[in-house]
Amino acid sequence: MGDNVVHLHKHTDPPADTATVTTLTVVPDPPAPKPVPLWVRSGRAVKRIATDERTTTAARAVARHSLYVAGGARIVARRTWDGRTAARYERYMRTAEAAGNMEAAAEWEERGQRYREARHRRRMDLLHSPLDAAKGAAVGAGMSIGVLIALGVVMAINTGKVGDVITPLSATVDFIALLIRIVQVVWGPLISIGPFLALLALWGVGRHQQAAPAWALPANVRSGEGEPITPSIVVKALRDLGVAPLKNAIKEMGDAGASMLGPIRIAGCGVEVDVTLPSGVATNEVQTKRRKLAENLTRHEHEVFITIPTAARTVRLWIADSGALDEPIGPSPLATDESLTADYTKGKAPWGQDLRGDAAALSLYQRHLLITGLSNQGKTAALRALALWACLDRRVEFRIADLKGAGDWAMFDGLATVLIQGPADEQVIEATEMVEGLVEEMNRRIEIRRRDPKAVFAPLIGIVDEAQVAFMCPVKDEDGRPYGGSKAVSRYFMGVRKVHNQGRVVDVLLWEGTQDPTDQNLPKLVREGAHTRASLALGTESQARMALGDKAVDGGAAPHLLRQGLDKGTLVVASDGIEIPAGQASITVRTHYINDEQATAITDRAKALRDGVTTLHAIDRGEERDPLADIATVLGSDTRVRTQEVITRLAALNADAYAGWSFIDLKRVLDDAGAEPYKSDGRMVVGRDRVARALANRDTDGSASAE
């Protein structure tokens with residue numbers, strides 16, 4: 001059976017006395033695999049060889065060097081044609097016409113005409129040149145022979161030999177014969193290798209100009225890493241954007257398309273150039289093709305920024321040096337200069353550097369602030385850096401709610417008057433009441449300013465980090481009002497809106513940091529109430545518009561094009577508090593990073609400037625107050641005080657207990673105590689003696705102080 005396998009199977013029937021039967025089963029061999037046809041194996045081998053890296057590299061090298069010759073021939077032919085014709089002047093004239101500069105076009109036309117006239121004169125001179133050359137040659141030859149004979153005569157007189165008369169002439173003839181023999185010997189090989197030398201020269205020109213397709217160039221050349229930005233590179237990048245009117249206009253301009261460009265200026269870690277677009281090309285057509293433009297310039301997308309200056313039909317390109325934006329910018333002056341101080345009114349906070357490498361400083365004076373971006377992009381660090389500078393002005397008071405609760409603001413303990421830390425609903429409630437406390441303080445200051453227009457107040461800055469937690473909180477108070485949300489019934493939303501509306505004029509400010517802006521976690525009215533708006537990396541253009549506004553994004557601001565995780569601390573800022581180049585709506589800032597240890601050292605210096613600050617870590621909403629005793633306290637030594645002034649003083653004493661008081665509440669407490677308000681000079685007042693007598697006569701169990 002050949003290689004067949006024989007299996008023995010023993011079958012045993014159920015009855016014990018039945019004989020055992022053994023059978024043989026023959027299992028055939030599996031069919032042999034069919035042989036692979038030769039043409040299939042050959043094709044696979046060819047494919048393997050053709051796709052091998054060494055093969056592709058060699059093929060690319062052969063194509064590259066062959067195309068160098070063709071490209072060099074094209075360049076030499078173009079140069080020769082330009083040198084022998086007026087094509088250069090025609091090209092410059094078309095460029096000037098396309099740019100709308102008719103004066104320059106007329107000048108180039110005049111230059112071209114002068115060139116043609118000079119060329120005509122040279123050609124006419126060629127008609128007479130053979131005769132003139134023959135005459136010149138005859139005269140020259142005669143003079144040369146005469147000189148040689150004269151020299152021979154001198155030699156003959158000197159030697160006394162008559163034959164020396166022709167010695168110089170014969171020597172000259174022998175020298176000419178030697179030159180002819182040398183040419184005869186060299187001419188043959190020169191004719192043979194001449195074409196190869198010509199090809200080598202063309203190859204050299206093509207190689208120097210990289211006159212080969214990008215796919216054929218070496219990898220290091222194709223990457224263009226570190227390649228300097230030149231006018232021709234910028235023009236080619238614009239030509240290849242895929243904008244037909246722009247491409248056609250540049251084609252008409254020829255090599256002189258660089259006339260669209262202004263001077264290429266060194267700007268920090270890159271260069272900057274203004275491009276005046278041809279008629280029919282809109283600036284947004286270039287803006288929307290940022291990635292292609294960057295790749296045409298051999299840069300990454302994040303290394304090219306396009307903004308719109310004031311000049312019409314102009315885009316401003318800032319092009320970074322390759323890899324420069326991945327380098328750190330250095331420490332903050334706050335961390336390196338212990339003598340640095342702050343002035344909230346006139347100073348500016350050192351925040352970082354702009355793309356040009358210049359220091360970027362932000363004025364905080366009477367400006368609400370909003371910083372947004374994706375998670376873990378440096379939002380808290382950027383917000384905290386501003387607070388660390390402001391705290392060096394001893395006048396500034398901070399009230400801080402950190403709704404992340406990771407300890408990022410812990411160093412402000414003993415510096416801020418309120419420090420709330422944590423993401424729970426309880427902390428959101430406390431943060432809301434903190435903002436409402438800002439509103440009460442704002443109202444108190446406005447009332448004082450109404451009586452005294454020259455009143456000056458110490459800056460009060462409220463900071464809510466991770467504000468989206470407050471906006472998204474679903475908890476309601478005892479009256480059914482939600483703490484979060486974006487409607488008029490939302491306590492946090494309305495508190496923020498009130499501070500935004502009137503807080504600036506009395507130096508009550510609100511800074512917010514929030515993640516991933518949407519209409520739900522950052523309502524429109526809130527984000528538009530901030531004077532300074534800054535954004536780190538975002539996911540979409542719509543989020544960028546929410547963060548910075550339509551004007552900034554339409555002007556070139558693009559935080560959604562920043563690289564998540566790689567461009568940490570890089571902000572796009574729209575504010576009148578920072579110096580922005582003329583004609584731009586925003587500026588990109590790479591912020592200094594201040595770590596926790598450095599931040600603690602800075603706050604320690606700030607604490608030394610103050611007499612001591614007691615930090616409230618939680619707002620006590622259930623504290624029992626004695627209204628009558630508090631009224632006596634706010635009356636002080638005054639004999640009588642208007643009722644409205646008493647209410648204002650009570651709110652300043654304890655906003656949580658008395659912020660919502662009206663005349664009815666005050667009158668109820670005083671009536672119950674027997675110290676009713678009365679009229680004096682036509683106004684309702686509270687008498688100090690009545691309140692003092694009521695305190696002395698009230699029940700010892702304090703029943704009169706209920707409420």
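Predicted model, so just to flag it, every value in this text is computed and none were measured. Nothing fancy with the numbering, it's 1 onward along the sequence.
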Non-hydrogen side-chain atoms of I448 and F457 separated by less than 4.5 Å: yes

Check: V526 and Y492 side chains under 4.5 Å, non-hydrogen atoms: no

Nearest heavy atoms of L388 and L392, plus distance in Å: O-CG, 3.7 Å

4.5 Å side-chain heavy-atom contact, I229 and L317: no

K292 and D240: CA distance, side-chain angles, deciding distance, salt bridge (Lys or Arg N to Asp or Glu O under 4.0 Å) verdict: CA-CA 9 Å; K292 180 177 282 190; D240 298 336; over 6 Å; no

Member of T432, V428, I429 meeting the side-chain contact (heavy atoms from CB on, under 4.5 Å) criterion with V475: I429

Which atom of V572 lies closest to which atom of A557, heavy atoms considered: CG1-CB, 3.7 Å

Residues in ring-ring contact (aromatic ring centres under 6.0 Å, His included) contact with H368, at least two apart in sequence or another chain: H500, H531

Contact check, side chains of L334 and P350, non-hydrogen atoms, under 4.5 Å: yes

Under 3.5 Å donor-acceptor, D358 side chain and D354 backbone: no

Over 12 foreign heavy atoms within 6.0 Å of CD1, I266: no

T283 side, atom OG1; I308 side, atom CD1 - distance, nearest 0.5 Å: 4.0 Å

Listed partners of T230 passing side-chain contact (heavy atoms from CB on, under 4.5 Å), at least two apart: S232, I233

Other residues, nucleotides, ligands: >12 heavy atoms within 6.0 Å of E579 CD: no

Donor-acceptor under 3.5 Å (S575 side chain, R533 main chain): no

Option from T514, T372, D519 for which side-chain hydrogen bond (donor to acceptor under 3.5 Å, both in side chains) with R527 holds: D519

R291, CZ: over 12 other non-hydrogen atoms inside 6.0 angstrom: no

Nearest heavy atoms of I400 and A416, plus distance in Å: CD1-CB, 4.0 Å

Considering all heavy atoms, the nearest A431-I420 contact: N-CD1, 3.8 Å

Distance-only polar pair, side chains of Q468 and E466, donor-acceptor under 3.5 Å: yes

For the student: nearest non-hydrogen atoms of M546 and T518, plus distance: SD-CA, 3.6 Å

Any side-chain donor near an acceptor of the partner, T314 and D274, under 3.5 Å: no

E447 and R444: CA distance, side-chain angles, deciding distance, salt bridge (Lys or Arg N to Asp or Glu O under 4.0 Å) verdict: CA-CA 5 Å; E447 179 64 24; R444 186 186 72 83; over 6 Å; no

Least distance between heavy atoms, L561 atom then R290 atom: CD1-NH1, 2.8 Å

Salt bridge flag under 4.0 Å for residues E285 and K289: no

M411 and I602, any side-chain heavy atoms less than 4.5 Å apart: no

Heavy-atom side-chain contact between L374 and L536 under 4.5 Å: no

Verdict with supporting geometry, E436 and R491, salt bridge (Lys or Arg N to Asp or Glu O under 4.0 Å): CA-CA 8 Å; E436 292 174 340; R491 290 180 59 178; 2.7 Å; yes

Separation between CH2 of W351 and CG of L571, rounded to the nearest 0.5 Å: 5.0 Å

Side chain to side chain, E430 and V418, heavy atoms closer than 4.5 Å: no

Donor-acceptor under 3.5 Å (D393 side chain, Y344 main chain): yes

G539 backbone acceptor or donor facing Q543 side chain under 3.5 Å: yes

For R384, the option from D402, D465, D596 that meets salt bridge (Lys or Arg N to Asp or Glu O under 4.0 Å): D596

Residue K404 excluded, over 12 heavy atoms near NZ under 6.0 Å: yes

